[in-house]
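What follows is one structure encoded as structure tokens, with my remarks underneath.
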Amino acid sequence: MKSSDAPSNEGRNFFQDVHEVVRLIPPGRVSTYGAIAHYLGARHGARMVGYALIAAAPALGLEKVPAQRVVNRNGLLTGRHHFSTPTAMQEALEAEGVRVENDQVVEFKRLFWDPAQELE
DNA sequence: CCAATGACTCCAG
DNA sequence: CCTGGAGCCATTG
């Protein structure tokens, strides 16, 4: 197994790790890609975390990954376009008690949940 | 195998 | 203060 043999064999481990952290996010809280990436070691870059959620998108019904609780560092719902509906992400957040205004999480800094800090 | 894209982040002007 | 460009790493074509 070198390059084109087992791409998702070990890679899936990374996704599963992201899924676990995202799943551990308490209701009414939000996290960021950078925080998750940093918790995993900040070696993969924040972008990979987003890709992990894309890979987790079909897993939303299987793994129950609350990707709506994951936003970018600005608290902006960058990935809402990847949801079933462009408002699904905001609706889900508001259902959790998180207010979203102009595609941005209100009091995001206060609702920010850092796995490396909370889980330590 | 090489090139392009992307749910991001940081640095510089 | 706000806008733009480069960096990073994995997935996809």
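None of these values were measured; they are calculated from a predicted model. Below, chains carry the letters A, B, ... as their sequence lines are ordered, and counting in each starts from 1. Basis for what follows: all heavy atoms, side chains included, without hydrogens, waters or symmetry-related copies.
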For residues 25-36 of chain A, the side-chain hydrogen bond (donor to acceptor under 3.5 Å, both in side chains) pairs (sequence neighbours left out) are none
In whole Å, what is the span from the OH atom of A:Tyr51 to the C1' atom of B:dA7?
-> 9 Å
Quick one: does A:Leu77's side chain get under 4.5 Å of A:Gln90's, heavy atoms only?
-> yes
Residues in contact with DNA chain B, drawn from residues 95-111 of chain A - heavy-atom cutoff 4.0 Å = none
Whole angstrom is fine here: how far is it from CG in A:Leu76 over to C1' in B:dA7?
-> 11 Å
Would A:Leu24 and A:Leu53 show up in the same hydrophobic cluster when neighbours are defined by side-chain heavy atoms closer than 4.5 Å?
-> yes
Figure out the CG/C1' separation between A:Leu53 and C:dT11, and round it to whole Å.
-> 14 Å
Linked, directly or transitively: A:Leu76 and A:Phe83 (ILVMFWY side chains, under 4.5 Å) = no
ring-ring contact (aromatic ring centres under 6.0 Å, His included) with A:Phe112: which residues, sequence neighbours excluded?
-> A:Phe108
What integer number of Å spans the P atoms of B:dA4 and C:dA6?
-> 15 Å
Atom NE2 of A:His44 to atom C1' of C:dT11: distance rounded to whole Å?
-> 15 Å
From the list C:dT11, B:dT5, B:dA7, which nucleotide is the closest neighbour of the side chain of A:Phe15?
-> C:dT11
Kindly say if A:His82 contacts the phosphate of B:dA7, meaning a side-chain N or O under 4.0 Å from OP1 or OP2.
-> yes
Tell me, with the steps shown, if A:Val70 and A:Ile36 meet side-chain contact (heavy atoms from CB on, under 4.5 Å).
-> CA-CA 9 Å; A:Val70 185; A:Ile36 296 169; 4.1 Å; yes
Treat each ILVMFWY residue as a node, draw an edge where side-chain heavy atoms are under 4.5 Å apart, and state whether A:Leu40 and A:Ile54 are in one component.
-> yes
Distance in angstrom units between A:Gln90 CD and B:dA7 P, rounded | 19 Å
How long is the line joining CD1 of A:Ile54 and P of B:dG6, in whole Å?
-> 10 Å
Determine which pairs satisfy salt bridge (Lys or Arg N to Asp or Glu O under 4.0 Å) with at least one residue from residues 74-83 of chain A, sequence neighbours left out, and list them in order.
-> A:Arg80-A:Asp103
Selection residues 90-100 of chain A - residue pairs positive for salt bridge (Lys or Arg N to Asp or Glu O under 4.0 Å), sequence neighbours left out | A:Arg69-A:Glu96
Using a cut-off of 4.0 Å on non-hydrogen atoms, how would the nucleic acid contact of A:Gly45 be classed: base, sugar-phosphate, or nothing?
-> nothing
Using atom names, set out every protein N or O paired with an N or O of nucleotides 9-13 of chain B below 3.5 Å, distance rounded to 0.1 Å.
{"residue": "B:dT9", "atom": "OP1", "partner": "A:Gly34", "partner atom": "N", "Å": "3.4"}
{"residue": "B:dT9", "atom": "OP1", "partner": "A:Arg73", "partner atom": "N", "Å": "3.3"}
{"residue": "B:dT9", "atom": "OP2", "partner": "A:Arg73", "partner atom": "N", "Å": "2.9"}

What's the CE-P distance between A:Met48 and C:dT11, to the nearest Å?
-> 7 Å
